[in-house]
Novice: 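First the structure, then my questions, so here it is.
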Amino acid sequence: MIEVKDLHKSFGDVEILKGISTFFEKGKTNLIIGQSGSGKTVFIKCLLGLFPYEQGSIAYNGKIFSELTEDQKRDLRSEIGMVFQGSALFDSLTIAQNVMFPLKMFTKQSKSEMEDRVDFVLKRVNLIDAHNKMPSEASGGMQKRVAIARAIVNKPKYLFCDEPNSGLDPKTSIIIDNLIQEITNEYDITTVINSHDMNSVMEIGEKIVFLKDGLKAWEGSKDTIFKTDNEAVTNFVYSSELMKKVRQMYIEEKQ
Amino acid sequence: MLYLHNIGAYFLMIVEMFRKPTKWSVMKQLILKDIDDLIIGSLGIVAFISFFVGGVVAIQTALNISNPLIPKNLVGFATRQSIILEFGPTFISIIMAGKVGSFITSSIGTMRVTEQIDALEVMGINSINYLIFPKFISLLLYPFVISIAMFLGILGGMVASVYGGFSTAGDYIAGIQLDFNPFHVTYAFIKTGVFAFILATIPSFHGFFMKGGALEVGKASTTSFVWTSVVIILLNYLLTQMLLS
Ligand SMILES: Nc1ncnc2c1ncn2[C@@H]1O[C@H](COP(=O)(O)OP(=O)(O)O)[C@@H](O)[C@H]1O
Ligand SMILES: [Mg+2]
């Protein structure tokens with residue numbers, strides 16, 4: 001469980017987040033949606049402690065992040081996995097070395113234990129014989145899988161994904177979304193996903209937070225998002241022709 | 001104001017470089033990789049430039065002394081002096097600011113724009129130590145590069161003088177042994193050590209704190225080269241003033 005209270009974040013004079021409060025539950029896929037530039041990445045990086053913020057608090061399981069000592073922060077970070085928008089794989093390491101990296105850094109496991117774990121998570125994300133490839137030789141979808149494998153290899157309690165399916169074709173996107181949801185349910189972790197993709201919303205939006213102009217404009221789930229009258233949300237949801245048609249059919253069906 | 005801010009950030013980065021060290025088993029590999037990239041990878045170009053510039057220095061000196069009263073061994077003497085005092089430490093360091101410096105800036109800068117540095121930070125790794133400390137350690141081997149440059153520069157001078165008929169091998173060797181002042185070598189290696197530190201840290205600073213995308217990585221490499229060279233030239237002046245006069 002992650003609780004955010006009244007989070008404010010500025011760059012220079014520009015206020016990007018203007019007081020956001022919400023919470024993300026364990027075992028659920030929590031989505032943060034909003035247009036490009038609405039502050040999703042900034043929000044998630046504040047949650048991770050990568051950006052300092054001026055006001056507000058972030059609590060992991062009741063413990064306020066900014067009040068932790070350096071050692072406690074490090075312990076907490078070892079329970080966090082993050083999938084960055086561009087995957088952020090280390091390009092001088094092979095795929096297997098990338099996935100092994102957190103284990104090598106933070107555990108005292110033997111080489112064979114680490115190798116077994118790497119095999120296990122790579123199999124979990126459906127990558128079987130890519131161990132010795134370099135990230136640059138892998139396709140976008142493969143890189144995302146590797147990034148997910150690296151994020152979950154050290155059994156995190158919290159998983160963050162910044163636009164996990166940006167730049168992927170629709171079919172691969174759905175596979176990646178479902179993979180994240182399965183992993184979330186399987187290991188009962190708290191997952192927070194940034195997205196601007198309506199497909200993800202419909203697939204895995206167990207909880208949805210809608211950001212607009214630095215504020216939380218709406219909050220709900222995939223079941224309630226199609227019923228809301230909130231204009232900002234409907235504008236976002238029905239911005240594509242396809243979704244407009246879906247809505248038309250929905251209305252006609254009701255009549 | 002911005003300059004002051006950057007200078008402050010640079011010194012904080014250097015302090016941070018020694019804090020919260022990365023696990024030794026991992027660090028060892030990073031250092032070996034950087035020695036390969038930064039030191040071994042530069043030997044070829046350094047050897048090539050040193051040999052031929054050494055030759056040119058010798059020829060220029062020879063051509064400028066037509067007076068028969070000047071002893072023949074002056075060619076060797078003058079070549080040795082210019083190579084040990086300036087060409088080796090300073091000139092090669094400027095070349096290295098271009099080669100090694102832009103490599104460091106662009107590789108760290110690329111890690112910044114592709115969020116690899118964020119990935120390290122999220123894991124709780126001190127990314128400054130992880131990325132910059134190994135470069136600092138590898139450049140402790142930089143004096144060896146400069147020694148090789150000095151040797152090949154003087155050798156190049158000899159080959160050019162003998163081959164071009166400006167001096168005999170005997171005269172040249174007598175020249176390079178003439179009036180040898182060991183403090184000049186000390187001075188050269190003090191400079192080398194300082195320049196090695198500059199070469200490791202200023203390009204890293206420009207890569208680490210860059211903002212933007214791929215285009216900015218290119219710009220950062222250029223700015224980094226300019227600043228590294230400017231600082232090397234200024235420190236060269238200060239150290240020469242302090243040590244030799
Ligand atoms: N490091 C930064 N410095 C200054 N402004 C930033 C920085 N990162 C993001 N911003 C600004 O914050 C706003 C939100 O960006 P972001 O969170 O990346 O949006 P998105 O919702 O697309 O992820 C944008 O206007 C962006 O220009
Ligand atoms: Mg974003």
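Remember, it's a predicted structure, so these values are computed and weren't measured experimentally. Just so we're on the same page: letters track the sequence lines, and every chain starts at 1.
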Novice: What's the separation between atom CD1 in B:I117 and atom CG in A:L50, rounded to the nearest 0.5 Å?
Specialist: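 The CD1 atom of B:I117 sits 11.5 Å away from the CG atom of A:L50.
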Novice: For B:K23, does the NZ atom have more than 12 heavy-atom neighbours from other residues, nucleotides or ligands under 6.0 Å away?
Specialist: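 More than 12 heavy atoms, drawn from other residues, nucleotides or ligands, come within 6.0 Å of this atom.
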Novice: Using 0.5 Å steps for rounding, measure from the CD atom of B:Q116 to the CG atom of A:L93.
Specialist: 8.5 Å
Novice: B:T22 versus A:M105: any side-chain heavy-atom pair under 4.5 Å?
Specialist: yes
Novice: Look at atom NZ of A:K5 and say whether more than 12 heavy atoms of other residues, nucleotides or ligands are closer to it than 6.0 Å.
Specialist: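 Count not over threshold, so no.
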Novice: Is it the case that atom CZ in B:F18 sees more than 12 heavy atoms from other parts of the structure closer than 6.0 Å?
Specialist: yes
Novice: Quick one: what part of A:D75 sits under 4.5 Å from any heavy atom of chain B, side chain, backbone, both or neither?
Specialist: neither
Novice: Do A:F101 and B:I125 come close enough that some side-chain heavy atom pair is under 4.5 Å?
Specialist: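 Sidechains of B:I125 and A:F101: in contact.
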Novice: Counting only heavy atoms not in B:F197, do more than 12 sit closer than 6.0 Å to its CZ atom?
Specialist: yes
Novice: Is it the case that atom NZ in A:K73 sees more than 12 heavy atoms from other parts of the structure closer than 6.0 Å?
Specialist: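 Atom NZ in A:K73 is crowded, with more than 12 foreign heavy atoms closer than 6.0 Å.
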Novice: Are the side chains of A:M82 and B:M123 in touch, meaning some heavy atoms are under 4.5 Å apart?
Specialist: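 A side-chain contact under 4.5 Å is absent here.
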Novice: Starting at OG of A:S92, measure out to CG of B:D37 and round the result to the nearest 0.5 Å.
Specialist: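 Between atom OG of A:S92 and atom CG of B:D37 there are 9.0 Å.
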Novice: For the OG1 atom of B:T110 and the CG atom of A:D91, what is their distance to the nearest 0.5 Å?
Specialist: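 Here the interatomic distance stands at 7.5 Å.
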Novice: For A:R150 and B:A119, work out which heavy atoms get closest and say how close.
Specialist: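 Residues A:R150 and B:A119, closest heavy atoms: NH2-CB, 3.8 Å.
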Novice: For A:L76, which atoms come within 4.5 Å of any heavy atom of chain B: side chain, backbone, both, or neither?
Specialist: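 No part of it gets close to chain B.
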Novice: Any chance NZ of B:K20 has more than 12 other-residue heavy atoms, nucleotides or ligands included, within less than 6.0 Å?
Specialist: yes
Novice: Within the structure provided, determine whether B:L120 and A:F90 are in side-chain contact (heavy-atom separation under 4.5 Å).
Specialist: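 A side-chain contact under 4.5 Å exists here.
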Novice: Are B:E121 and A:K45 close enough for a salt bridge, meaning some N to O gap below 4.0 Å?
Specialist: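 So B:E121 does not pair with A:K45 through a salt bridge.
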Novice: Over all heavy atoms of both residues, which pair between A:A88 and B:E115 is shortest? Give the atoms and the distance, please.
Specialist: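 Distance-wise, the nearest heavy atoms are CB-O, 3.5 Å.
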Novice: Quick check on B:V122 against chain A: is it the side chain, the backbone, both or neither that has a heavy atom closer than 4.5 Å?
Specialist: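 Both backbone and side chain of B:V122 come within 4.5 Å of chain A.
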Novice: Which answer fits A:S87, side chain, backbone, both or neither, if we ask what part of it has an atom under 4.5 Å from a heavy atom of chain B?
Specialist: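 Neither part.
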Novice: So, do B:S25 and A:K104 sit near enough that their side-chain heavy atoms are less than 4.5 Å apart?
Specialist: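 They are not in side-chain contact.
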Novice: Surrounding OH of A:Y187 (heavy atoms of other residues, nucleotides or ligands, distance under 6.0 Å), is the total greater than 12?
Specialist: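 It does: A:Y187 OH has more than 12 such atoms within range.
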Novice: Count the heavy atoms belonging to other residues, nucleotides or ligands that lie under 6.0 Å from CZ of A:F11, then report whether that count exceeds 12.
Specialist: yes
